Amino acid sequence: MGQAYSTIAFDASKCDGCGECMKACAGAKFESDDVRRSLIQIMPKAAAATGVAAKGAFELALCRQCGDPKCVTVCPAGALGKDGATGVIDWDASKCVDCLLCTIGCSYAGIALDEYTGRVSKCDTCDGKPACVPACPTGALRHVTTARIYNEVGGWEDLFAPGLAGCQGCNTELLMRHTLRRVGPDTVLATPPGCVPGMGSVGFNGTTGTKVPVFHPLLTNTAAMLAGVKRQYERVGRKVTAMAIAGDGGASDVGFQSLSGAAERGERILFMVVDNEGYMNTGMQRSSCTPYGAWTSTTPVGAHTRGKTQDAKNLPLIMVNHRCAYVATASTAYMEDLYAKLDKALEASEHGFAYLHVYSPCTTGWRFQSAMNIEVARKAVESNFVTLWEYTPETGLSFSRPVDRPLPVVDYLKAMGRFRHLSPEQIEHIQNKVEENLRFVQKIAEKEHG
């Protein structure tokens, strides 16, 4: 896993094309008021269909300081190289032969010919304090480091093999890799039927994708089998983490009796549910965790049907009522929060049942582009469609992310094709349900904390 660096982020929806960022850059780098010399260029965005500039829409030409920079790859003189400490792609003028191949290699027009000097020039982020960002009056530019957690965990072993057979942009694979990376090699893993074994955790063609002992229970008996495995290891004096990574369908439907029984007995295991709100690996059928109104292959949209007609089961709250040693909800859009909860779940699983419910958008079943996975996950939390919290019997329930000032839930719904058919009445129903669920969880939190 590579390092994470600070970067200049651009929000096109906030850009009004004022050009203040270009003025600031030209002034800071060249003591010039000629915006053509600016290393950041804001340009009218061309409409995809016509190629004509769209009114009021802008796009960015700027060095993205890529992790796998093509400009470096094509440079025949070794004049370009990525600084491992800062992440900035440096240009060495003494080596450059002015062939301009780098300007062709860059897909973002981030490195270009400076007509005043006859040489290439590119953004170097002003030694970590880019002048363009504070000059932006609309907040369209931000200097952010979104993933410091990767610098902390990047050296830990990835316990899944490369080349798993997940869908493009699969959130479940992301979750699997990070989870096992944290839990570590002294683990026995149970993966019942679902997307996790489907992409190769239990192996295919005579090979296995998992670097720890893994078994494939039925949907109905995952928690019971895992509890038995854990007890056997304890009987022979070996300390291991017994962990399940299961889908929401198996956990909330046919596997619930096994899950509930293990939680009631306080089995010392960690049970993670990957909630992609359906049976996604077998044809995108609805589960009891599928939300109201969603299209699935068994809740179709047509002349007489408009998606699922029932609200989703709130499985993590049901697990709270089992008084588990630890219960939490998490999202891959908030990795620091997920890693912190994994730490607490691991600790709790040494003396009782730990349950972690992770919201996991599905690019295929939810009908959105693979590049939008984390954005969908983030909007779910920002709209309170999903709330992040944790519970222990000792400390009660508490939110790990603020729930005030949420986005309208429609901002989340319109990010996916599975909700495209919703009527205003259905959207209102979902908004009301989100607010009702929030009030319910808040009451539990207030009660627990007096």
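Values in this document were obtained by computation on a predicted structure and should not be read as measured data.
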I'd like to know if the side chain of [X] pairs up with that of [Y] as donor and acceptor (distance under 3.5 Å, no hydrogens or angles considered).
{"X": "T210", "Y": "S201", "value": "no"}
{"X": "T191", "Y": "H216", "value": "no"}
{"X": "S349", "Y": "K230", "value": "no"}

Answer yes or no: is there an ion pair linking [X] with [Y], defined by an N-O contact shorter than 4.0 Å?
{"X": "E277", "Y": "R418", "answer": "yes"}
{"X": "K344", "Y": "E390", "answer": "yes"}
{"X": "K239", "Y": "E234", "answer": "no"}
{"X": "E382", "Y": "K379", "answer": "no"}

Practice task
Name all residues meeting the side-chain contact (heavy atoms from CB on, under 4.5 Å) criterion together with A244; count only those two or more places apart in sequence or in a different chain, and write none if there are none.
Solution key: A190, T222, L226, F271
Practice task
Examine R420 relative to W295 and say whether NZ or CZ is less than 6.0 Å from the centre of the six-membered ring and inside a 45° cone about the ring axis.
Solution key: no
Practice task
Decide whether a cation-pi geometry holds between K70 and Y108; the criteria are a distance under 6.0 Å from NZ or CZ to the six-membered ring centre and an angle within 45° of the ring axis.
Solution key: no
Practice task
For Q232, look at atom CD and say whether over 12 heavy atoms of other residues, nucleotides or ligands are found less than 6.0 Å away.
Solution key: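 Count over threshold, so yes.
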Problem - T179 vs M272 side-chain heavy atoms within contact, under 4.5 Å - result: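 They are in side-chain contact.
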Exercise for the section: State yes or no: are the ring centers of H178 and Y339 separated by less than 6.0 Å? Expected result: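 For H178 and Y339, the ring centres are under 6.0 Å apart.
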Practice task
For residues H429 and Y292, establish whether the separation of their ring centroids is below 6.0 Å.
Solution key: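 So the answer is yes for these two rings.
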Exercise for the section: To the nearest 0.5 Å, tell me how far C21 SG sits from I42 CD1. Expected result: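 These two atoms lie 4.0 Å from each other.
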Fill in the blank from the handout: By ring pair (Phe, Tyr, Trp, His ring centres under 6.0 Å), Y359 pairs with (sequence neighbours left out) W366
